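To keep things clear, I will list the structure first and then write my remarks on it.
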Protein chains: 2
Amino acid sequence: MESTHRNLAQQVVHELGKKIMQGTYKVGDSLPSEADLGIEFNISRTATREAVKMLTAKGLISSRPRQGIKVVASKNWNLFDVDVLNWILLGKPDLYLLRHFLQLRLALEPEAAFLAAQFAEESDLKEIENALIRMKDATNGQDDTHEADIDFHQSVLCASNNPFFIQLKNFIATALKINIRFTNRMIAVTVAEYQAHVDIFEHIKNKEPQAAFDSAMVTQKATLDIVNKQIVELESKKT
Amino acid sequence: MESTHRNLAQQVVHELGKKIMQGTYKVGDSLPSEADLGIEFNISRTATREAVKMLTAKGLISSRPRQGIKVVASKNWNLFDVDVLNWILLGKPDLYLLRHFLQLRLALEPEAAFLAAQFAEESDLKEIENALIRMKDATNGQDDTHEADIDFHQSVLCASNNPFFIQLKNFIATALKINIRFTNRMIAVTVAEYQAHVDIFEHIKNKEPQAAFDSAMVTQKATLDIVNKQIVELESKKT
DNA sequence: TTTAGTCATTTATCATATAAATATGAATAG
DNA sequence: CTATTCATATTTATATGATAAATGACTAAA
């Protein structure tokens, strides 16, 4: 195993999780037996089993006597688990995955903005404003635009003061990272996008839920439309 | 442990998970040490550790040498995990939790209907229709209304053909169950509600995304408004 | 051909031992 | 008296080896 010799089980969880999301082990495939995994990673069966149990808890695999350890159907995967999302990021996301992310974002973010306009505390507003300032600073090269952009989206989710929306911070972050990868990680966030964010913030601050919702909806829908068109194009090329 | 002597670790996971969601162990609290848990449940430390690892994977606890096993902040809980949702159901949900569920449902379900109208396959439509038929049958006492109702909502999610929406089936099911508990589990789904469902289905079938979205939105918003009013009432009583 | 039973393989659990991490409090230095 | 260092005890982390239970595959009998 790695150098550190700490949290071996956790490391194996990540190795196997990555391999599953990258398709090294596909749905229905059997993983090596506990004994073999132990040999492969040079750890005891105890640690191996703990790793297997953690992946089971995240819904990626099942393990039964005689049948061995198998990757279960992807509908059972805990797609909103932090680790799983990060492993998705390490895979090779395609346009369809990007669309799936955007479709859920379109559902979530306008409503989150709506709720933020209703329930945001002073501290929540400060967080959002902070992210906006960092986005503006980024145009002067003082900060990473994309990172500040992600912070903006996450802080709006938090401002909803709804634990379920807040839990989806990781989902949104992953969605944005994949989006960035597909557009071009070098291209900074545009002025137009920044202005759209400012609009959303203003509506939240002024406690105008519907206006906040609409502003968020417009930008989301625009992004999704672009990807939808790209997919149509892609599919027409195929045939 | 129980009679069966199979999957001891899994049983302990459920016991502890329930206790955490019911507040027996609160956020920040320490659980008994591995050794003590082993004694309490009459299982080996190995099995205990595997249970602890599974709960760790679900984001409920952390376990570090000398520090012991502690319930982590609820923002780290995997609220969309099937098990966690079921444990929530075993707790004592209040109006605020119900509102949080409804707020996310309001975000998800109209968009799911929108997507279903775009992407539903024939088989998906059959599933939805099937649930509707069962709802109608239920008025004659042949079936459980609520169960068929849950099936309807879940089948619309599936029809979106978006894995993220599909993953949220358990969330919606839990939300509906809590909703049923709050209204009155004896009261059957009304004819009006049934008709609203039929409308949504028709729009999906006719591939009218926006109409499907609007229909779903109306019913959702109505439900949320009622709960919001109840909360306002509750809070005015307090002061 | 079917059925019942045997067998081999793999996970599930247990018991015990040692290593590593770390909170706590004592000892020490300033 | 305060801050820092250090020893120690407690708890988790890992390893090892042994036994139990589950189950797919094969075999033999009806």
Side-chain angles (χ1 to χ4, degrees), chain A residues 1-17 19-20 25-73 76 83, chain B residues 1-17 19-20 25-73 76 83:
Chain A
M1 209 49 221
E2 318 298 80
S3 52
T4 144
H5 207 276
R6 185 182 156 183
N7 268 343
L8 298 187
Q10 203 73 46
Q11 289 175 42
V12 173
V13 168
H14 275 83
E15 291 304 318
L16 294 178
K19 284 189 180 178
I20 291 170
Y25 299 120
K26 295 184 178 58
V27 170
D29 281 2
S30 283
L31 272 67
S33 70
E34 288 177 357
D36 289 342
L37 283 174
I39 293 167
E40 183 180 332
F41 291 105
N42 193 30
I43 59 172
S44 71
R45 240 194 89 199
T46 314
T48 308
R49 276 185 63 80
E50 286 173 5
V52 167
K53 288 296 173 188
M54 284 192 267
L55 287 169
T56 303
K58 291 179 188 300
L60 297 187
I61 60 179
S62 77
S63 120
R64 286 167 55 196
R66 172 74 213 213
Q67 193 169 318
I69 305 162
K70 289 186 174 176
V71 181
V72 303
N76 295 306
D83 292 325
Chain B
M1 209 52 222
E2 318 299 79
S3 53
T4 141
H5 207 274
R6 184 182 155 184
N7 268 345
L8 298 185
Q10 203 73 45
Q11 289 175 42
V12 173
V13 167
H14 275 83
E15 291 304 319
L16 293 178
K19 285 190 180 177
I20 291 171
Y25 299 120
K26 294 184 180 58
V27 170
D29 280 3
S30 283
L31 272 68
S33 69
E34 288 177 356
D36 291 343
L37 283 173
I39 293 166
E40 182 179 333
F41 291 106
N42 193 31
I43 58 173
S44 71
R45 239 195 89 198
T46 313
T48 309
R49 275 185 63 79
E50 288 173 4
V52 166
K53 289 296 171 188
M54 285 192 266
L55 287 169
T56 303
K58 291 180 188 300
L60 296 186
I61 61 180
S62 77
S63 121
R64 287 168 55 196
R66 173 75 214 212
Q67 191 169 319
I69 305 163
K70 287 186 173 177
V71 180
V72 302
N76 296 306
D83 291 325

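All chains are named by letter (A, B, ...) in the order of the sequence lines, taking the proteins before the strands, and each is independently numbered beginning at 1. Given the structure is predicted, the values throughout are model-derived calculations rather than measurements. Values below: all heavy atoms of this structure, side chains included; hydrogens, waters and symmetry mates excluded.
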**Report entry** Residues from residues 26-34 of chain B lying under 4.0 Å of DNA chain D - heavy atoms
**Finding:** B:Ser33, B:Glu34

Query raised in the report: Where along residues 51-62 of chain B does a heavy atom fall under 4.0 Å from DNA chain D?
Result: B:Lys53

Query raised in the report: Which residue lies toward the 5' end of DNA chain C, A:Ala35 or B:Thr48, if each is placed at its nearest nucleotide?
Result: A:Ala35

Requested in this report: Nearest whole angstrom, please: distance from the P of D:dT12 to the CD of A:Gln10.
Outcome: 16 Å

Query raised in the report: Among C:dT11, D:dT16, C:dC14, which is the nearest nucleotide to the side chain of B:Ser44?
Result: C:dC14

Query raised in the report: With A:Pro32, which residues qualify under side-chain contact (heavy atoms from CB on, under 4.5 Å), at least two apart?
Result: A:Tyr25, A:Asp36, A:Leu37, A:Glu40

Report task. Apply side-chain contact (heavy atoms from CB on, under 4.5 Å) to A:Ser44 and list each qualifying residue two or more places apart in sequence or on a separate chain. Result -> A:Thr46, A:Ala47

**Report entry** Under the side-chain hydrogen bond (donor to acceptor under 3.5 Å, both in side chains) test, residues paired with B:Lys70 that sit two or more places apart
**Finding:** none

What protein N or O atoms touch nucleotides 17-19 of chain D N or O atoms at under 3.5 angstrom, if any, and at what distances?
none

Report summary line: Students should find that the end-to-end axis angle of the helix from C:dT1-D:dA30 to C:dG30-D:dC1, with five pairs defining each axis and rounding to 10 degrees, is 10°

Requested in this report: Could you list the residues that satisfy salt bridge (Lys or Arg N to Asp or Glu O under 4.0 Å) with A:Arg49, not counting sequence neighbours?
Outcome: A:Glu34, B:Glu50

Query raised in the report: Mind checking what makes side-chain contact (heavy atoms from CB on, under 4.5 Å) contact with B:Asp29, not counting sequence neighbours?
Result: B:Lys26

Query raised in the report: Whole Å only: how far is the CD1 atom of B:Ile39 from the C1' atom of D:dT11?
Result: 14 Å

Dump every N/O contact between nucleotides 23-25 of chain C and the protein below 3.5 Å, one line per pair.
unit_1, atom_1, unit_2, atom_2, d
C:dA23, OP1, B:Gln67, OE1, 3.3
C:dA23, N3, B:Arg66, NH1, 3.4

Report task. Tell me, please, which residues at least two apart from B:Lys53 pass salt bridge (Lys or Arg N to Asp or Glu O under 4.0 Å). Result -> none

**Report entry** side-chain contact (heavy atoms from CB on, under 4.5 Å) between B:Ile61 and B:Ile20, intermediate numbers included
**Finding:** CA-CA 9 Å; B:Ile61 61 180; B:Ile20 291 171; 3.7 Å; yes

Report task. For a side chain to side chain contact (heavy atoms under 4.5 Å, CB included) with B:Leu55, tell me which candidate from B:Leu31, B:Leu16, B:Val12 qualifies. Result -> B:Leu16

